[in-house]
Number of protein chains: 2
Amino acid sequence: MNEIEVFRKYVKESGLRNTPEREVIIEEIFLTHDHFDVDTLYLCLKNKKCSISKASIYRTIPLLIESGLIKEVFFEDGHMHYEHVLGHEHHCHFRCLGCGKIIEFKEDEVMDIEKKCSESYGFEVTGHKLELFGYCRECLKKEGKDRKVSTIDRVDVD
Amino acid sequence: MNEIEVFRKYVKESGLRNTPEREVIIEEIFLTHDHFDVDTLYLCLKNKKCSISKASIYRTIPLLIESGLIKEVFFEDGHMHYEHVLGHEHHCHFRCLGCGKIIEFKEDEVMDIEKKCSESYGFEVTGHKLELFGYCRECLKKEGKDRKVSTIDRVDVD
DNA sequence: ATTATTATTGAGAATCTATTGCAATAATAA
DNA sequence: TTATTATTGCAATAGATTCTCAATAATAAT
Ligand SMILES: [Mn+2]
Ligand SMILES: [Mn+2]
Ligand SMILES: [Zn+2]
Ligand SMILES: [Zn+2]
């Protein structure tokens, strides 16, 4: 089931109505794997001549979250940033405090924490959000700082 | 060094000036361990007759973050929520999607992830934010759901 | 197909959060 | 005590999101 089919199913089951505007929004969001915010999405569609009002975009976002197509990633510069979920493996985010860059990385150990938390507190954990802060390799080089822990030059994990 | 002393030191070293307004804000923030937002802080001080303008509160928040006294915790209901840091052990947050409750818990394993991330990518990791989502014990009981993983009734961890 | 029902749209107004300009005030240094 | 200038409070502003409402169109019923 692709993103459009998922949304159609969700819409039907929720007693809502599907519209071309919503499908255009979904298609644009799933075109790239980048993080996005309402304004860039709005301008992007405007440039492609398939302009959709901001109100409709704002009204569609909660539906896309509810249907599991997108999720909130981080709040920055006064507004929320999102990413699509379907077909995009779960990952964490590293934010460089030097250059502002966001770097994605995969990390399974958080699942252990989830499990431990379930067992210990009786929670049902359905998801998580992990963000690391610090300085990226480029910023460390630029400032001539040394990395704290290691000097190995690997990029692969797991 | 308590929070006021830390702030005085920070202010001096940064070439800023300390003011009674700022100390009132800090004292209020360190009165309880609760999460807070600008508006509740403002109203709280207003009720205590030590009213301080919202502009000053907004202008003080970045200084408190910079000096390491508070940090951002989560963005909810259209605005940021904070907590004080000094004298408050680092912890993660579990958010119940049922009742909205935020539950704090301690978790050391994230440090391993930080370390692994440093070593693998050459980042200098200075901090993290981990949030788990799901349903708390009370909400699970209310809905008659069963917990996924365990039925043990412990609350202590580590 | 036609009609009825009502969710959705777009435009702009309204609301809410956060920032900024400015004159008065007050913290620090000389 | 005086000079310097950061800070304050207030009001204006900017920016993000929600809301109002009339027109439109998706779905269900006929
Ligand atoms: Mn991402
Ligand atoms: Mn907390
Ligand atoms: Zn960087
Ligand atoms: Zn709950």
Side-chain angles (χ1 to χ4, degrees), chain A residues 4-5 7-28 35-67 70 72-82, chain B residues 4-5 7-28 35-67 69-82:
Chain A
I4 297 290
E5 293 167 333
F7 188 71
R8 285 182 183 155
K9 185 168 176 292
Y10 163 77
V11 146
K12 177 144 287 183
E13 287 172 352
S14 309
L16 303 170
R17 292 176 189 174
N18 195 16
T19 69
E21 287 84 359
R22 289 174 178 173
E23 296 204 350
V24 164
I25 291 171
I26 293 169
E27 272 163 13
E28 182 60 38
H35 302 147
F36 68 93
D37 55 52
V38 169
D39 209 57
T40 52
L41 179 56
Y42 170 74
L43 291 173
C44 200
L45 293 173
K46 197 174 183 178
N47 286 337
K48 292 186 177 172
K49 313 294 181 194
C50 39
S51 199
I52 289 167
S53 75
K54 269 193 189 171
S56 289
I57 296 177
Y58 275 114
R59 281 186 285 230
T60 302
I61 295 253
L63 305 182
L64 300 183
I65 292 175
E66 183 68 21
S67 60
I70 69 169
E72 298 185 341
V73 189
F74 49 80
F75 184 84
E76 195 180 37
D77 297 325
H79 55 266
M80 187 55 70
H81 295 247
Y82 308 87
Chain B
I4 296 292
E5 294 166 333
F7 188 71
R8 286 180 183 157
K9 185 167 176 289
Y10 163 77
V11 146
K12 175 144 290 184
E13 288 172 352
S14 311
L16 303 172
R17 293 177 188 173
N18 195 15
T19 67
E21 287 83 359
R22 289 173 176 174
E23 296 205 350
V24 164
I25 291 171
I26 293 169
E27 273 163 12
E28 182 60 39
H35 302 149
F36 68 92
D37 55 53
V38 168
D39 207 59
T40 53
L41 180 57
Y42 170 73
L43 291 174
C44 199
L45 292 173
K46 196 174 184 179
N47 286 337
K48 291 185 176 173
K49 313 293 181 199
C50 37
S51 199
I52 289 169
S53 76
K54 267 190 191 173
S56 289
I57 295 177
Y58 275 115
R59 280 187 282 231
T60 302
I61 295 255
L63 305 181
L64 301 182
I65 293 175
E66 185 67 21
S67 60
L69 290 181
I70 69 171
K71 67 177 172 192
E72 300 185 341
V73 189
F74 48 80
F75 184 84
E76 195 179 38
D77 297 324
H79 55 266
M80 190 53 72
H81 295 247
Y82 308 87

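Lettering follows sequence order; numbering is per chain, from 1. Please read all numbers here as calculations on a predicted model, not as lab measurements.
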Rounded to whole Å, the CD-P distance (Glu76(A) to dG15(D)) equals 17 Å
In whole angstroms, the gap separating C1' of dA26(D) from NZ of Lys12(A) amounts to 11 Å
To the nearest angstrom, the CZ-C1' distance between Phe7(B) and dA27(C) comes to 13 Å
- Task: State, with a plain yes or no, whether a side-chain heavy atom of Val38(A) is found less than 4.5 Å away from one of His79(A).
- Result: no
Ile57(A) CD1 to dA11(C) P, in whole Å, measures 12 Å
Leu63(B) atom CG is separated from dA6(D) atom C1', nearest whole Å, by 11 Å
His81(A) atom NE2 is separated from dG15(D) atom P, nearest whole Å, by 15 Å
In Watson-Crick or G-U wobble terms, with both distances under 3.5 Å, the base opposite dA30(C) is dT1(D)
Can you classify the ring geometry of Phe74(A) versus His81(A) as parallel (below 30°), tilted (30 to 60°) or perpendicular (above 60°)?
parallel
Atom CG of Leu43(A) and atom C1' of dA16(D) are separated, to the nearest Å, by 14 Å
Contact between Leu16(B) and Tyr10(B) at the side-chain level, heavy atoms closer than 4.5 Å - yes or no?
yes
(Q) Quick test of your reading of the model: are Lys9(A) and Glu5(A) salt-bridged, counting only N-O distances below 4.0 Å? (A) no
So do the side chains of Lys71(B) and Ile65(B) get within less than 4.5 Å of each other, counting heavy atoms only? no
**Message:** Students often mix this up, so state it plainly: with edges at 30° and 60°, are the rings of Phe75(A) and Phe75(B) parallel, tilted or perpendicular?
**Reply:** parallel
Mate of dT13(D) across any strand shown (Watson-Crick or G-U wobble, both atom pairs under 3.5 Å) is dA18(C)
Heavy-atom nearest nucleotide on DNA chain D taken for Ser51(B) and for Gly15(B); more 5' hit belongs to Gly15(B)
- Item | Thr19(A) side chain near dT9(C) phosphate (N/O to OP1/OP2, under 4.0 Å) | yes
Letter by letter from the 5' end, nucleotides 17-26 of chain C scores (B base, S sugar-phosphate only, - none; protein heavy atoms under 4.0 Å) SBBBB----B
Regarding the side chain of Arg22(B), the nearest nucleotide among dT8(C), dT9(C), dT7(D) is dT7(D)
Rounded to the nearest 0.5 Å, the CD1 atom of Ile52(B) sits from the NZ atom of Lys46(B) at a distance of 13.0 Å
Rounded to whole Å, the CD-C1' distance (Glu21(A) to dA11(C)) equals 14 Å
